[in-house]
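Small disclaimer: the values here were computed from a predicted structure and weren't measured. Residue numbers run from 1 in the order of the sequence given.
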Amino acid sequence: MHLRCDQTPQWPELQAGFARRGRQFDLRDAFANDAGRFAHFSQQAPHVFADLSKNLWDSTTESLLLEMAQACGLAQHRDGMFSGQPINNTEGRAVLHTLLRRPAGLTLPGDEPEVAGQLAQVHGTLDAMLAYADKVRADDAITDIVNIGIGGSDLGPHMAVLALEEFRAPGKRLHFVSNVDGHELHSVLHGLQPHSTLFLIASKTFTTAETMTNAASARAWFDAQGGTDVARHFAALTTNVDAARQMGIHTTFGFWDWVGGRYSLWSAIGLPLAISVGGVRFREFLAGAHAMDEHFRTAPLAQNLPVRMGLLDVWYRNFHGFASRCIAPYHAALRRLPAYLQQLEMESNGKRVDQDGHTLPYATSPVLWGEPGTNGQHAFFQMLHQGTDVVPLELIAVRQPTHPLPGHQGKLLANALAQAQALMVGKASDADGHRHFPGNRPSTFLLLDALTPASLGALIALQEHRVFVSGSLWGINSFDQWGVELGKVLARDIEARLASGDVAGLDASTAGLLGRLRGGGTG
């Protein structure tokens, strides 16, 4: 039985508890009154230490949230995902991105009969992909790799390649093109040579409009610049092998319909990362994620980090009414992580109906946003400290630097600690209030010992499972994304109208803008 959170007996208890003590909860008092608060609300998970103690909850609230999760059938829903049940009910699909990082031959209790065969296919594809990646790495003639994709086919590999720059193969430059705006592709192609460039076309169906437009332009550039041997300089990450061959591409790596785009970094979509860091380190990346998978699958809910973070997300969204969450990675290499997490959470949980299509009576996904620290401190942290909205902050720090520059890491980590402290403790008002910091503003602190393939894999898997938890409690399908379709459909009609000038049947605003874009007056 999979209940929605508002259908459980704990829901009204949580509402009453919030009205009684949650609304006025003060972190400063909580620490003063409980010497064990940090110990209770912090824990080590695989590769990630988390401090949840500076959040607006107490053990009573957490216990009720855990009881609610049990009443919702969270553990059964989680087990159904791992075992290959078709929990993506609107598309009738299993959700098996965890299989992409499961060791070969490993069976789990409750596995669906087809899972063993699927795991063998996963490792067959993985072995072939990593052999190809290492071949490219060893090919000194290839200096530039251009990944053409969008959404999950861009955000994941782009984020991970930047995050693991320290491990990048010398002599290889990775480029990412996603936007259909030709300025992006044109800028990347400038200065490249066809004989030293490898293009990776990442599209599950080989029909994604933005990707195929960019792919066609890249192929035209390759031909115009005198490029030869398309088969050597183009590879496709797709299941549509026939369409790839029509473009002259014979090297293809596929994946499966149970791999959602925003969960596809672990599949062939991760080829840019594999080329950058090599097959051995890509396997370490998968192993780090698998370690977090096992933690999520086996740890008791009360000591399960993805569960605790997902419960906190529900507490903030539905009881405190916090509409957004800020992500501040205190490591420059993680600068694309906020963008990656935006898709992961908002595309997964930005839903207004439950799994049965019923309109939800409560809010779901928060808005995610952020930039690396310390840059954000000189931009939007003003609002975090003194603004009228309370925005929970998630800081991500790495203990060990990989650069040799003295004096930087201490300042960086001091800033991360100080921001979390300042948000909590605040500062008493001066005479006119301008220097008053109200404090009692929540933050979560995630700490990695070092930024490695394994720790990055664990960090991403943690975020995936945390999103699963909140989506499961909300009773939504976190694994479809129908909301991306309507605008794409309308764009095809409007593209034709931009060429013809036909505005028949359009609303006045769209018709007026279309006319101006066709040059019909500039005012």
Ring-plane angle category for [X] and [Y], please: parallel below 30°, perpendicular beyond 60°, tilted otherwise.
{"X": "Phe18", "Y": "Trp315", "value": "perpendicular"}
{"X": "His97", "Y": "Phe479", "value": "tilted"}
{"X": "His320", "Y": "Phe322", "value": "parallel"}

State whether the side chain of [X] and the backbone N or O of [Y] hold a donor-acceptor pair below 3.5 Å, judged by distance alone.
{"X": "Asn33", "Y": "Asp29", "value": "yes"}
{"X": "Arg335", "Y": "Ala332", "value": "yes"}
{"X": "Thr510", "Y": "Asp507", "value": "no"}
{"X": "Tyr263", "Y": "Leu96", "value": "no"}
{"X": "Ser187", "Y": "Glu184", "value": "no"}
{"X": "Arg317", "Y": "Thr364", "value": "yes"}
{"X": "Asn415", "Y": "Leu412", "value": "no"}
{"X": "Lys351", "Y": "Asn477", "value": "yes"}
{"X": "Gln44", "Y": "Val48", "value": "yes"}
{"X": "Gln7", "Y": "Arg4", "value": "yes"}

Heavy atoms of other groups near [X] [atom1], more than 12 under 6.0 Å:
{"X": "Arg28", "atom1": "CZ", "result": "yes"}
{"X": "Gln24", "atom1": "CD", "result": "no"}
{"X": "His183", "atom1": "NE2", "result": "no"}
{"X": "Arg352", "atom1": "CZ", "result": "no"}

Does [X] reach the side chain of [Y], with side-chain heavy atoms less than 4.5 Å apart?
{"X": "Leu273", "Y": "Phe282", "result": "yes"}
{"X": "His331", "Y": "Leu448", "result": "no"}
{"X": "Arg281", "Y": "Leu164", "result": "no"}
{"X": "Asn349", "Y": "Asp313", "result": "no"}
{"X": "Phe296", "Y": "Val307", "result": "yes"}
{"X": "Leu337", "Y": "Gln463", "result": "no"}
{"X": "Thr61", "Y": "Leu65", "result": "yes"}
{"X": "Val161", "Y": "Ile275", "result": "no"}

Taking every non-hydrogen atom, the tightest pair across [X] and [Y]:
{"X": "Ser178", "Y": "Ile150", "result": "O-CD1, 3.4 Å"}
{"X": "His295", "Y": "Gln303", "result": "CE1-O, 3.3 Å"}
{"X": "Leu155", "Y": "Arg336", "result": "CD2-NH2, 3.5 Å"}
{"X": "Leu27", "Y": "Asn440", "result": "N-OD1, 2.6 Å"}
{"X": "Ile460", "Y": "Tyr340", "result": "CG2-OH, 3.4 Å"}
{"X": "Pro272", "Y": "Leu237", "result": "CD-CD1, 4.5 Å"}

(request) Report the residues that fulfil ring-ring contact (aromatic ring centres under 6.0 Å, His included) with Trp266, sequence neighbours left out, ordered by chain and then residue number. (result) Phe285
(request) Report the residues that fulfil ring-ring contact (aromatic ring centres under 6.0 Å, His included) with His77, sequence neighbours left out, ordered by chain and then residue number. (result) His2, Phe468
(message) Could you go through Thr60 and Arg21, starting from their C-alpha distance and side-chain angles, then the distance that decides it, and tell me whether this counts as side-chain contact (heavy atoms from CB on, under 4.5 Å)?
(response) CA-CA 11 Å; Thr60 301; Arg21 66 184 186 281; 3.0 Å; yes
(request) Verify side chain to side chain donor-acceptor pair (under 3.5 Å) between Asn55 and Trp57, making sure each step is shown before the conclusion. (result) CA-CA 6 Å; Asn55 283 290; Trp57 61 348; 5.8 Å; no
Hey, could you give me the [atom1]/[atom2] distance between [X] and [Y], rounded to the nearest 0.5 Å?
{"X": "Gln419", "Y": "Arg441", "atom1": "CD", "atom2": "CZ", "result": "13.0 Å"}
{"X": "Lys54", "Y": "Phe31", "atom1": "NZ", "atom2": "CZ", "result": "6.0 Å"}
{"X": "Asp154", "Y": "Met159", "atom1": "CG", "atom2": "CE", "result": "11.0 Å"}
{"X": "Arg262", "Y": "Ser478", "atom1": "CZ", "atom2": "OG", "result": "8.0 Å"}
{"X": "Phe82", "Y": "Glu294", "atom1": "CZ", "atom2": "CD", "result": "7.0 Å"}
{"X": "Gln409", "Y": "Gln400", "atom1": "CD", "atom2": "CD", "result": "9.5 Å"}

(request) In sequence, state the C-alpha distance, the side-chain angles, and the governing distance for Leu384 and Cys326, and then conclude on side-chain contact (heavy atoms from CB on, under 4.5 Å). (result) CA-CA 9 Å; Leu384 298 182; Cys326 181; 4.3 Å; yes
(request) Tell me, with the steps shown, if Asn179 and Glu210 meet side chain to side chain donor-acceptor pair (under 3.5 Å). (result) CA-CA 7 Å; Asn179 202 323; Glu210 298 92 338; over 6 Å; no
(request) I would like to know whether Leu66 and Glu62 meet side-chain contact (heavy atoms from CB on, under 4.5 Å); could you show each step before the answer? (result) CA-CA 6 Å; Leu66 285 163; Glu62 186 183 28; 4.1 Å; yes
(request) Inspect the contact between Arg101 and Glu464 and indicate whether a charged nitrogen and a carboxylate oxygen are less than 4.0 angstrom apart. (result) yes
(request) May I ask you to say whether Asp293 pairs ionically with Arg102, meaning some side-chain N is under 4.0 Å from a carboxylate O? (result) no
(request) For side chain to side chain donor-acceptor pair (under 3.5 Å), just list the numbers for Asp480 and Thr90, CA-CA rounded to whole Å, side-chain angles, deciding distance to a tenth of an Å, and then say yes or no. (result) CA-CA 7 Å; Asp480 62 15; Thr90 60; 2.6 Å; yes
(request) Only one of His378, Gln386, His385 passes side chain to side chain donor-acceptor pair (under 3.5 Å) with Gln382; say which it is. (result) Gln386
(message) Under the criterion side-chain contact (heavy atoms from CB on, under 4.5 Å), I'd like the reasoning laid out for Arg325 against Leu341: C-alpha separation, chi angles, the key distance, then a yes or no.
(response) CA-CA 11 Å; Arg325 181 167 74 250; Leu341 295 179; over 6 Å; no
(request) Check step by step if side chain to side chain donor-acceptor pair (under 3.5 Å) holds for Thr452 and Ser455. (result) CA-CA 5 Å; Thr452 64; Ser455 68; 3.3 Å; yes
(request) Could you tell me if the ring centre of Trp11 sits under 6.0 Å from that of Tyr362? (result) yes
